[in-house]
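Just so it is clear: chains get the letters A, B, ... in the order the sequence lines come, proteins before strands, and each one is counted from 1. Model, not experiment: these values are computed from the prediction.
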Amino acid sequence: MEFYQRGNVLQIAKELLGKILVTKWDKTVTSVRIVETEAYAGVIDRASHAWAARRTKRNEVMYGHGGYTYIYLCYGIHHLFNVVTNDHGIPHAILIRAGEPLEGINEMLKRTGKEKLDHTLTRGPGNVSKALGIQTVHSGMSLLDKKLFLADDGFRYKKNEIVASPRIGVDYAGEHAKWDYRFFVKGNPFVSGRPR
DNA sequence: GAGTAGATCCTCT
DNA sequence: GAGGATCTACTCA
């Protein structure tokens with residue numbers, strides 16, 4: 001649990017690459033290896049929901065301890081999955097943007113209405129949540145829960161396989177939209193590489 | 001291949 | 001009442 005409570009949200013975002021995100025609803029296990037993340041640095045980050053110390057019922061969980069989920073509905077369609085980091089009162093979070101399917105691929109195909117596995121299954125934060133069956137009702141769960149957690153099988157991407165870039169879909173954030181707070185695995189087909 | 005518009009609904013102002 | 005940490009499909013070239 002200490003892993004999520006360290007101060008450097010960028011460092012954690014980087015280290016989440018290669019870890020495995022697992023969901024287990026009613027004995028159905030699905031998992032993906034994380035290949036793309038974005039860091040949201042709390043009150044100083046205009047692109048974050050917690051910018052300027054905004055505190056609402058929706059983002060309340062971001063102000064709690066690290067190691068909890070923050071899930072929210074975007075554009076009325078997409079459920080976005082975040083990992084809350086840092087200590088109580090510091091609303092840092094990391095958005096999981098993309099993953100590589102590992103377990104339960106058939107189940108993920110069923111959830112997303114696809115017929116066969118292709119790189120669109122878990123590309124983009126909306127699709128990741130959809131494939132894993134994550135919804136807003138799961139927001140605020142602990143990552144130590146047996147239903148929704150991060151696993152580490154010792155796999156690590158090499159340093160030169162990890163690339164930083166500006167974040168996606170946050171153009172409204174002005175100068176902050178240019179920060180290199182997005183981390184992804186170079187050349188991985190599941191990374192949502194479409195530049196805006 | 002690139003650019004644009006529409007979907008769609010919860011949350012905060 | 002407005003807008004958003006997005007995705008997809010469609011148009012045009």
Side-chain angles (χ1 to χ4, degrees), chain A residues 4 9-10 12-14 16-17 21 32 34-64 66 68-86 90-101 108-141 143 150 163-184 188-196:
Chain A
Y4 304 107
V9 65
L10 296 177
I12 300 173
K14 222 182 294 182
L16 282 180
L17 295 174
L21 175 62
V32 299
I34 298 168
V35 298
E36 185 179 2
T37 62
E38 274 181 17
Y40 285 85
V43 297
I44 60 163
D45 187 350
R46 205 183 188 297
S48 169
H49 291 157
W51 173 65
R54 286 170 193 273
R55 186 165 185 157
T56 66
K57 210 188 292 179
R58 183 178 66 166
N59 67 18
E60 180 70 29
V61 63
M62 290 176 83
Y63 288 85
Y68 284 81
T69 63
Y70 172 48
I71 298 147
Y72 118 95
L73 186 65
C74 184
Y75 297 91
I77 307 172
H78 306 292
H79 298 266
L80 307 192
F81 174 75
N82 300 255
V83 177
V84 178
T85 72
N86 218 307
I90 305 176
H92 287 186
I94 298 168
L95 171 69
I96 307 300
R97 290 194 53 89
E100 189 179 322
M108 291 194 264
L109 291 174
K110 210 188 300 173
R111 283 173 186 152
T112 53
K114 296 183 190 301
E115 293 188 356
K116 61 178 171 56
L117 175 65
D118 64 17
H119 60 82
T120 65
L121 180 62
T122 52
R123 188 176 70 170
N127 289 331
V128 171
S129 304
K130 201 171 173 187
L132 290 172
I134 295 173
Q135 298 171 8
T136 53
V137 294
H138 304 127
S139 187
M141 284 177 66
L143 286 170
L150 287 171
V163 189
S165 82
R167 289 173 295 187
I168 291 178
V170 292
D171 290 344
Y172 66 89
E175 283 297 308
H176 294 183
K178 296 173 186 167
W179 293 355
D180 285 341
Y181 273 21
R182 169 170 172 256
F183 302 96
F184 61 96
N188 190 294
F190 292 95
V191 171
S192 55
R194 182 179 39 161
R196 292 269 174 175

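- Residues from residues 124-132 of chain A lying near DNA chain B, meaning a heavy-atom separation below 4.0 Å, are absent.
- With rounding to whole Å, Leu95(A) atom CG is found 10 Å from dA5(C) atom P.
- Residue Arg123(A) places none of its side-chain N or O atoms closer than 4.0 Å to OP1 or OP2 of dC7(C).
- Arg46(A) has its CZ atom 9 Å from the P atom of dG4(C), to the nearest Å.
- Between the side chain of Thr122(A) and the main chain of Ala98(A), no donor-acceptor pair closer than 3.5 Å is present.
- The CD atom of Glu36(A) sits 11 Å away from the P atom of dT6(C) (whole-angstrom rounding).
- A sub-4.0 Å separation between OP1 or OP2 of dT11(B) and a side-chain N or O of Thr56(A) is absent.
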Candidate pair Arg182(A) and Ile168(A), rule side chain to side chain contact (heavy atoms under 4.5 Å, CB included), full reasoning: CA-CA 8 Å; Arg182(A) 169 170 172 256; Ile168(A) 291 178; 3.6 Å; yes
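- Between the side chains of His49(A) and Tyr70(A), at least one donor N or O lies within less than 3.5 Å of an accepting N or O.
- A donor-acceptor pair shorter than 3.5 Å can be found between the side chains of Lys114(A) and Thr120(A).
- Residues Val32(A) and Met108(A) are in side-chain contact: their nearest non-hydrogen atoms beyond the backbone lie under 4.5 Å apart.
- Tyr4(A) places a side-chain heavy atom less than 4.5 Å from the side chain of Leu143(A).
- Across all strands shown, dA5(C) has no partner, as no Watson-Crick or G-U wobble contact with both distances under 3.5 Å is found.
- No donor-acceptor distance shorter than 3.5 angstrom exists from the side chain of Arg97(A) to the backbone of Arg123(A), with no hydrogens or angles considered.
- A close approach under 4.0 Å does not occur between any side-chain nitrogen or oxygen of Arg55(A) and OP1 or OP2 of dC12(B).
- Among the atoms of the strands shown, none is found under 4.0 Å from any heavy atom of Phe81(A).
- A heavy atom closer than 4.0 Å to some atom of DNA chain B occurs in Leu73(A), Tyr75(A), Gly76(A), Ile77(A), these being the qualifying members of residues 71-78 of chain A.
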